[in-house]
Amino acid sequence: MAYDEGLAERIRTRLGDHPAVGEKRMFGGLAFLHEGNMAVGVIGDELVVRVGPDATGTALARPGARPFDFTGRPMRGWVVVAASAVAEDTDLDAWIDEGVAYAESLPPK
């Protein structure tokens, strides 16, 4: 599965060249990791965000968000955000901030 390179580039620009951030092909798309823990990613033209189990309900209440069910079973702590919901940089930035904050809370891999 291909991923939206434009969305990936917007994420790269937002994350900058922070030494703790890396990229890895995952789930048929591209993942952005903080010290080895996935924060956000791109699958197709949608954003995947790792929000953590405690924030899943709140995240799913936001516009364009739905459960991440890549395996056919929803993954608690992860959401998929529709492209239309991250068309504006401020919306994308908020999701990236949430994903990075959760990834930073985890021990490095």
Side-chain angles (χ1 to χ4, degrees):
M1 175 185 287
Y3 61 89
D4 183 335
E5 184 58 46
L7 179 55
E9 189 57 37
R10 288 174 62 207
I11 296 169
R12 283 186 196 103
T13 299
R14 173 65 171 72
L15 293 174
D17 58 355
H18 192 290
V21 174
E23 296 179 22
K24 184 176 182 179
R25 292 188 184 272
M26 294 175 74
F27 305 118
L30 184 66
F32 293 85
L33 302 98
H34 182 276
E35 295 188 345
N37 293 295
M38 185 172 165
V40 296
V42 182
I43 297 178
D45 66 348
E46 298 181 305
L47 180 70
V48 177
V49 185
R50 188 173 184 188
V51 296
D54 294 340
T56 304
T58 303
L60 289 173
R62 292 168 61 183
R66 70 176 194 281
F68 180 51
D69 62 353
F70 183 76
T71 62
R73 254 186 33 206
M75 294 175 63
R76 193 160 143 74
W78 301 71
V79 297
V80 176
V81 184
S84 60
V86 292
E88 298 296 324
D89 287 341
T90 54
D91 296 324
L92 177 61
D93 289 351
W95 282 111
I96 291 172
D97 287 347
E98 190 165 347
V100 169
Y102 183 72
E104 286 177 336
S105 76
L106 300 170
K109 288 187 175 180

- Item | side chain to side chain contact (heavy atoms under 4.5 Å, CB included) involving Ala82 - partner list, sequence neighbours excluded |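 Ala82 satisfies side chain to side chain contact (heavy atoms under 4.5 Å, CB included) with Glu46, Ser84 once adjacent residues are dropped.
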
- Message: Can you list everything that forms a side chain to side chain contact (heavy atoms under 4.5 Å, CB included) with Ala20? Sequence neighbours excluded, please.
- Response: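 Residues passing side chain to side chain contact (heavy atoms under 4.5 Å, CB included) with Ala20: His18, His34, Glu35.
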
State, to 0.1 Å, how close [X] and [Y] come at their nearest heavy-atom pair, and which atoms those are.
X: Val40; Y: Gly99; result: CG1-CA, 4.3 Å
X: Tyr3; Y: Ala8; result: CE1-CB, 3.9 Å
X: Ala87; Y: Arg10; result: O-NH2, 3.5 Å
X: Glu98; Y: Ala59; result: OE2-CB, 4.4 Å
X: Ala103; Y: Ala39; result: CB-CB, 3.9 Å
X: Lys24; Y: Leu33; result: CB-CD1, 3.6 Å

- Item | Side-chain touch Leu60/Val79, heavy atoms, less than 4.5 angstrom | yes

- Query: Are Arg12 and Glu23 side-chain neighbours, meaning at least one heavy-atom pair lies under 4.5 Å?
  - Reply: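 Yes. Closest side-chain heavy atoms under 4.5 Å.
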
Which donor-acceptor pairs under 3.5 Å do side chains of residues 49-56 form with protein atoms, sequence neighbours excluded?
{"from": "Thr56", "atom 1": "OG1", "to": "Gly52", "atom 2": "O", "distance (Å)": "3.0"}
{"from": "Thr56", "atom 1": "OG1", "to": "Pro53", "atom 2": "O", "distance (Å)": "3.3"}
{"from": "Thr56", "atom 1": "OG1", "to": "Gly77", "atom 2": "N", "distance (Å)": "2.9"}

Going by side chain to side chain donor-acceptor pair (under 3.5 Å), name the residues that satisfy it together with [X], two or more places apart in sequence or in a different chain.
X: Asp69; value: none
X: Glu104; value: none
X: Arg14; value: Asp93, Asp97

To the closest 0.5 Å, what do you measure between [atom1] ([X]) and [atom2] ([Y])?
X: Phe32; Y: Ile11; atom1: CZ; atom2: CD1; value: 5.0 Å
X: Leu106; Y: Met38; atom1: CG; atom2: CE; value: 12.5 Å
X: Asp4; Y: Ile43; atom1: CG; atom2: CD1; value: 12.5 Å

- Query: Under a single-linkage definition using a 4.5 Å side-chain heavy-atom cutoff for Ile, Leu, Val, Met, Phe, Trp and Tyr, are Tyr102 and Trp78 assigned to the same hydrophobic cluster?
  - Reply: no

- Task: Please answer: with hydrophobic residues joined when any side-chain heavy atoms are less than 4.5 Å apart, are Leu30 and Val21 in the same cluster?
- Result: yes

